[in-house]
Colleague: 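One structure, as structure tokens, below. Some questions next.
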Amino acid sequence: MVLKKNILLIHTGGTISMSEDTTGAVKPGRNNPLTQGTEHLSSIANLIIEEPFHLPSPHITPKEMMRLKFILEEYGRKGDIDGAVITHGTDTLEETAYFLDLTCQADFPIVVTGAMRSSNEIGSDGLYNLISSIRVASSPEATRQGVLVVLNDEIHTAVNVTKTHTSNISTFQSPQYGPLGIVTKRGVLFHHTPTKHESYDVQDINKNVYLIKAHAGMDSTLLNAILDLKVDGIVIEALGQGNLPPAALDGLNQFIANNIPVVIVSRSYAGIAQDVYGYKGGGKHLKEMGVIFSNGLNGQKARLKLLVALANTDKMEEIAEMFSF
Ligand code: ASP
């Protein structure tokens with residue numbers, strides 16, 4: 001007989017715990033459907049259930065992410081948990097998963113999941129994804145792979161996964177790297193292992209970092225306005241391999257002159273922003289000016305990483321070093 005594992009199940013809200021009403025509006029109800037009818041789930045694991053908040057994921061902030069980290073670490077210290085599953089809205093799921101990947105010191109498998117269809121919609125994927133996630137979190141191979149994201153029979157790393165579609169249930173993809181494994185009817189199969197993992201001890205997130213997107217014809221107006229907001233750092237989703245229009249450079253220079261870190265990611269779906277182009281505003285020029293390239297993260301994750309970096313240091317070389325990982 002296979003012994004059931006002790007799985008910490010943390011519900012945070014999102015479509016997975018919402019229902020559709022008679023007007024077609026999907027919203028949270030008085031009771032979370034995930035906390036009812038857990039008999040089926042209890043047959044696959046011993047569940048310890050926490051529900052620290054019940055929020056649509058556009059309402060989640062680093063404060064809630066930090067709360068999840070503390071809950072996970074508290075259970076980690078008690079030592080009787082084999083794995084954890086977090087249910088979460090899909091809109092910002094990748095951000096919470098990545099934040100926990102960077103900062104959570106618990107050493108059991110942590111899986112984040114959600115659903116594209118609410119609990120009473122035809123083809124609802126919530127319970128299915130939850131069962132898959134409990135199976136992955138119970139799997140010994142899931143340890144030391146970093147925080148995982150499991151939906152639609154696929155296992156992704158928090159660092160690479162992103163939401164790619166507004167409504168399709170195969171929305172979560174890991175552009176250019178692919179998933180780490182799959183969930184089948186019979187088992188959990190890992191076919192890749194991440195080659196590296198970074199972790200930072202953070203107790204508080206209290207800096208101000210903005211994320212903006214470059215576009216053809218971008219100038220310095222928005223950058224100048226942001227500089228007036230007592231900003232601690234900025235992430236720019238730049239063009240292609242990491243280039244900006246020349247009219248944006250005056251604004252950029254103000255950040256550099258004020259020793260405010262500027263992190264460059266690409267607005268492209270896949271690939272890594274690098275110092276390749278030598279023309280005015282090209283990546284090489286930006287690097288010479290003092291910007292930091294992000295080594296493949298998307299904008300929303302680079303923003304979280306910069307918040308974590310700024311919680312540890314204000315030294316530009318140390319922040320750049322973190323982003324070279
Ligand atoms: N808007 C919802 C949320 O993120 C979408 C979802 O859960 O899939 O809470």
Colleague: Show, in sequence, the C-alpha distance, side-chain angles and deciding distance for H197 and D101, and conclude whether the side-chain hydrogen bond (donor to acceptor under 3.5 Å, both in side chains) test is met.
Modeller: CA-CA 8 Å; H197 183 250; D101 189 59; 3.0 Å; yes
Colleague: Any salt bridge between K305 and E198, counting N to O under 4.0 Å?
Modeller: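 Yes.
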Colleague: Are I212 and I226 close enough, and set up right, to give a side-chain contact (heavy atoms from CB on, under 4.5 Å), and what steps lead you there?
Modeller: CA-CA 10 Å; I212 65 168; I226 289 174; 3.5 Å; yes
Colleague: To the nearest 0.5 Å, what is the distance between NE2 (H156) and CG (L180)?
Modeller: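 CG of L180 is found 8.5 Å from NE2 of H156.
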Colleague: Would you please say whether a donor-acceptor pair under 3.5 Å links the side chains of E94 and T162?
Modeller: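 The criterion, which ignores hydrogens and geometry beyond distance, is satisfied for T162 and E94.
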Colleague: How close do S139 and P109 get, heavy atom to heavy atom, and via which atoms?
Modeller: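 Reported closest heavy-atom pair: O-CG, 4.4 Å.
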Colleague: Applying side-chain contact (heavy atoms from CB on, under 4.5 Å) to V147 and T157, what does each step give before you reach the verdict?
Modeller: CA-CA 6 Å; V147 172; T157 59; over 6 Å; no
Colleague: Can you see whether S19 engages S119 through a side-chain donor-acceptor pair at a distance of less than 3.5 angstrom?
Modeller: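 The criterion, which ignores hydrogens and geometry beyond distance, is satisfied for S119 and S19.
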Colleague: If only atom types and distance count, is the side chain of N129 paired as donor or acceptor with the main-chain N or O of A115 below 3.5 Å?
Modeller: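 Judged by distance alone, no pair lies under 3.5 Å.
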Colleague: Quick one: pull up CD in Q274 and CG in N295 and give me the separation to the nearest 0.5 Å.
Modeller: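 Here the interatomic distance stands at 7.5 Å.
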Colleague: Using modelled atom types only, decide if a donor and an acceptor are shared between the side chain of K5 and the backbone of I134 within a distance under 3.5 Å.
Modeller: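 Checked: no pair found.
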Colleague: Verify, without hydrogens or angle tests, whether N258 (side chain) and Q254 (backbone) share a donor-acceptor contact under 3.5 angstrom.
Modeller: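 Present.
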Colleague: Give a yes or no on whether the backbone of G14 and the side-chain of S17 come within a donor-acceptor separation of less than 3.5 Å.
Modeller: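 Here the side-chain-to-backbone pair exists.
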Colleague: Same cluster for I10 and I48 if Ile/Leu/Val/Met/Phe/Trp/Tyr side chains link at under 4.5 Å?
Modeller: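 Yes, because I10 and I48 connect within a single hydrophobic cluster, where side-chain heavy atoms sit under 4.5 Å apart.
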Colleague: For a quick check under 3.5 Å, do Y269 and Q176 share a side-chain donor-acceptor pair by atom type?
Modeller: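 No, because no side-chain N or O of Y269 sits under 3.5 Å from a partner of the opposite role on Q176.
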Colleague: Heavy-atom distance under 4.5 Å between the side chains of M66 and K63, does that happen here?
Modeller: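 No, too far: nothing below the 4.5 Å cut-off.
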Colleague: How long is the straight-line distance from CD1 of I60 back to CZ of F53, given to the nearest 0.5 Å?
Modeller: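 Reported value, rounded in 0.5 Å steps: 4.5 Å.
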Colleague: Between T103 and K69, is any side-chain donor less than 3.5 angstrom from a side-chain acceptor?
Modeller: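 No pair is found: no donor N or O on one side chain lies under 3.5 Å from an acceptor on the other.
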Colleague: Could you measure the distance from the CG atom of N120 to the CD atom of E20? Nearest 0.5 Å is fine.
Modeller: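 Nearest 0.5 Å value for the CG-CD distance: 6.5 Å.
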Colleague: Answer yes or no: is there a side-chain heavy-atom contact under 4.5 Å between T12 and H54?
Modeller: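 T12 does not reach H54 side chain to side chain.
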Colleague: Answer yes or no: does atom CD of E318 have more than 12 heavy-atom neighbours from other residues, nucleotides or ligands under 6.0 Å?
Modeller: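 Yes, the 6.0 Å shell around CD holds more than 12 heavy atoms from other groups.
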Colleague: Scan side-chain atoms only and decide if D153 and Y128 contain a donor-acceptor pair under the 3.5 Å cut-off.
Modeller: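 Yes, side-chain donor-acceptor contact under 3.5 Å.
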Colleague: Would you find a donor on one side and an acceptor on the other, under 3.5 Å apart, between the side chain of S220 and the backbone of A247?
Modeller: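 Confirmed, S220 side chain pairs with A247 backbone.
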Colleague: Side chains of N168 and T171: any donor to acceptor distance under 3.5 Å?
Modeller: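 There is no such pair (donor and acceptor under 3.5 Å, judged by atom type) between the side chains of T171 and N168.
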Colleague: N206 versus L310: any side-chain heavy-atom pair under 4.5 Å?
Modeller: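 They are not in contact (no side-chain heavy atoms under 4.5 Å apart), so the answer is no.
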Colleague: If you look at every heavy atom in Y210 and L229, which pair is closest and at what distance?
Modeller: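 The answer is OH-CD1, 3.7 Å.
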Colleague: Tell me, do I86 and L9 make a side-chain contact under 4.5 Å, heavy atoms counted?
Modeller: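 I86 vs L9: side chains apart.
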Colleague: How close do P245 and L239 get, heavy atom to heavy atom, and via which atoms?
Modeller: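 For P245 versus L239, the nearest heavy atoms are CD-CD1, 4.0 Å.
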Colleague: Hey, are E64 and T61 close enough side-chain-wise for a donor-acceptor pair under 3.5 Å?
Modeller: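 T61 vs E64: donor-acceptor pair found between side chains.
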Colleague: Does some side-chain heavy atom of T15 sit less than 4.5 Å from a side-chain heavy atom of T90?
Modeller: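 The answer is no; the side chains never approach within 4.5 Å.
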Colleague: Check the pair N46, N6 against side-chain hydrogen bond (donor to acceptor under 3.5 Å, both in side chains), reporting the backbone distance first and the verdict last.
Modeller: CA-CA 5 Å; N46 301 316; N6 297 330; 3.1 Å; yes
Colleague: Do I16 and M116 have side-chain heavy atoms sitting under 4.5 Å apart?
Modeller: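 No; the side chains remain at least 4.5 Å from each other.
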Colleague: Any luck finding a side-chain donor-acceptor pair between E121 and S124 under 3.5 Å?
Modeller: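 Result is no, nothing qualifies.
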Colleague: Roughly how far apart are I264 CD1 and M289 CE, rounded to 0.5 Å?
Modeller: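 Separation between the atoms: 9.0 Å.
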Colleague: Hey, what do you get for NE2 (H192) to CD1 (I155), rounding to the nearest 0.5 Å?
Modeller: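 Rounded to the nearest 0.5 Å, the NE2-CD1 separation comes out at 12.5 Å.
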Colleague: If only side-chain N and O atoms count, and only distance matters, is there a donor-acceptor pair under 3.5 Å linking E51 with N32?
Modeller: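 Side chains of N32 and E51: pair found under 3.5 Å.
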Colleague: Sub-3.5 Å donor-acceptor pair from the side chain of R267 to the main-chain atoms of E237, do we have one?
Modeller: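 The answer is no, because no donor-acceptor pair under 3.5 Å joins these two groups.
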Colleague: Which heavy atom of G242 sits nearest to which heavy atom of A273, and what is that distance?
Modeller: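 So the two residues come closest at CA-CB, 4.2 Å.
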Colleague: Quick one: do K78 and E74 make a salt bridge, cutoff under 4.0 Å?
Modeller: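 E74 and K78: not salt-bridged.
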Colleague: Test your reading of the model: is there a side-chain donor-acceptor pair from N160 to the backbone of S174, 3.5 Å cut-off?
Modeller: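 Checking the backbone N and O of S174 against the side chain of N160, no donor-acceptor pair under 3.5 Å is found.
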Colleague: Are L102 and V263 connected in a single hydrophobic cluster, I mean Ile/Leu/Val/Met/Phe/Trp/Tyr linked by side-chain heavy atoms less than 4.5 Å apart?
Modeller: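 Yes: a chain of side-chain contacts under 4.5 Å links V263 to L102.
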Colleague: Does F70 share a hydrophobic cluster with I81, counting links as ILVMFWY side-chain heavy atoms below 4.5 Å and allowing steps through other members?
Modeller: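 Yes; tracing contacts between hydrophobic side chains, which count when under 4.5 Å, links both residues.
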Colleague: Would you say the side-chain atoms of D232 pair up with the backbone N or O of N208, donor to acceptor, closer than 3.5 Å?
Modeller: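 It does hold such a pair.
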Colleague: Considering only heavy atoms from C-beta outward, does the side chain of I292 approach that of I319 to under 4.5 Å?
Modeller: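 Of all side-chain heavy-atom pairs linking I319 with I292, at least one is under 4.5 Å.
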Colleague: Distance alone, cut at 3.5 Å: any donor-acceptor contact between the side chains of Q241 and N243?
Modeller: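 Per modelled atom types, Q241 and N243 side chains form no pair under 3.5 Å.
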Colleague: Working note: F255 + L227, criterion side-chain contact (heavy atoms from CB on, under 4.5 Å); need CA distance, chi angles, decisive distance, verdict.
Modeller: CA-CA 7 Å; F255 280 79; L227 201 61; 3.9 Å; yes
Colleague: Any donor-acceptor pair under 3.5 Å linking the side chain of T113 with the backbone of S133?
Modeller: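 No.
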Colleague: Is F190 atom CZ crowded by more than 12 heavy atoms from other residues, nucleotides or ligands, each under 6.0 Å away?
Modeller: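 Result for CZ/F190: enclosed.
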Colleague: Side chains of F99 and L307, heavy atoms from C-beta outward: is any pair under 4.5 Å?
Modeller: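 Side-chain contact under 4.5 Å: no.
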Colleague: Above 12 or not: heavy atoms from other molecules or residues under 6.0 Å from CZ of R77?
Modeller: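 Count over threshold, so yes.
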Colleague: Are L130 and V150 connected in the hydrophobic side-chain network, where two residues link if heavy atoms are under 4.5 Å apart?
Modeller: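 Yes; V150 is reachable from L130 via cluster members.
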Colleague: Locate the shortest heavy-atom distance separating L249 from G281; write the atom from each residue and the value.
Modeller: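 Smallest heavy-atom distance, with atoms named: CD1-N, 3.7 Å.
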Colleague: Assess K287 against F293: is NZ or CZ under 6.0 Å from the centre of the six-membered ring, and within 45 degrees of the ring's axis?
Modeller: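 No, a cation-pi geometry is absent between K287 and F293.
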Colleague: For side-chain contact (heavy atoms from CB on, under 4.5 Å), just list the numbers for I256 and V262, CA-CA rounded to whole Å, side-chain angles, deciding distance to a tenth of an Å, and then say yes or no.
Modeller: CA-CA 7 Å; I256 307 286; V262 178; 4.1 Å; yes
Colleague: List for me each residue that meets side-chain contact (heavy atoms from CB on, under 4.5 Å) alongside N312, sequence neighbours excluded, and say none if there are none.
Modeller: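 N312 satisfies side-chain contact (heavy atoms from CB on, under 4.5 Å) with Y200, V202, V308 only.
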Colleague: Might you work through the side-chain hydrogen bond (donor to acceptor under 3.5 Å, both in side chains) test for Y98 and Q300, ending with a clear yes or no?
Modeller: CA-CA 10 Å; Y98 181 61; Q300 54 272 30; over 6 Å; no
Colleague: In the single-linkage hydrophobic clustering (I, L, V, M, F, W, Y; side-chain heavy atoms under 4.5 Å), do V149 and Y177 co-cluster?
Modeller: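 No, V149 and Y177 fall in different hydrophobic clusters.
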Colleague: Identify the heavy atoms of Q203 and D201 that sit nearest to each other, and give their distance.
Modeller: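 Looks like NE2-OD1, 3.1 Å.
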Colleague: Where the side chain of S57 meets the backbone of D91, is there a donor-acceptor pair that is under 3.5 Å apart?
Modeller: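 Side chain of S57 to backbone of D91, a donor-acceptor pair under 3.5 Å: yes, one is there.
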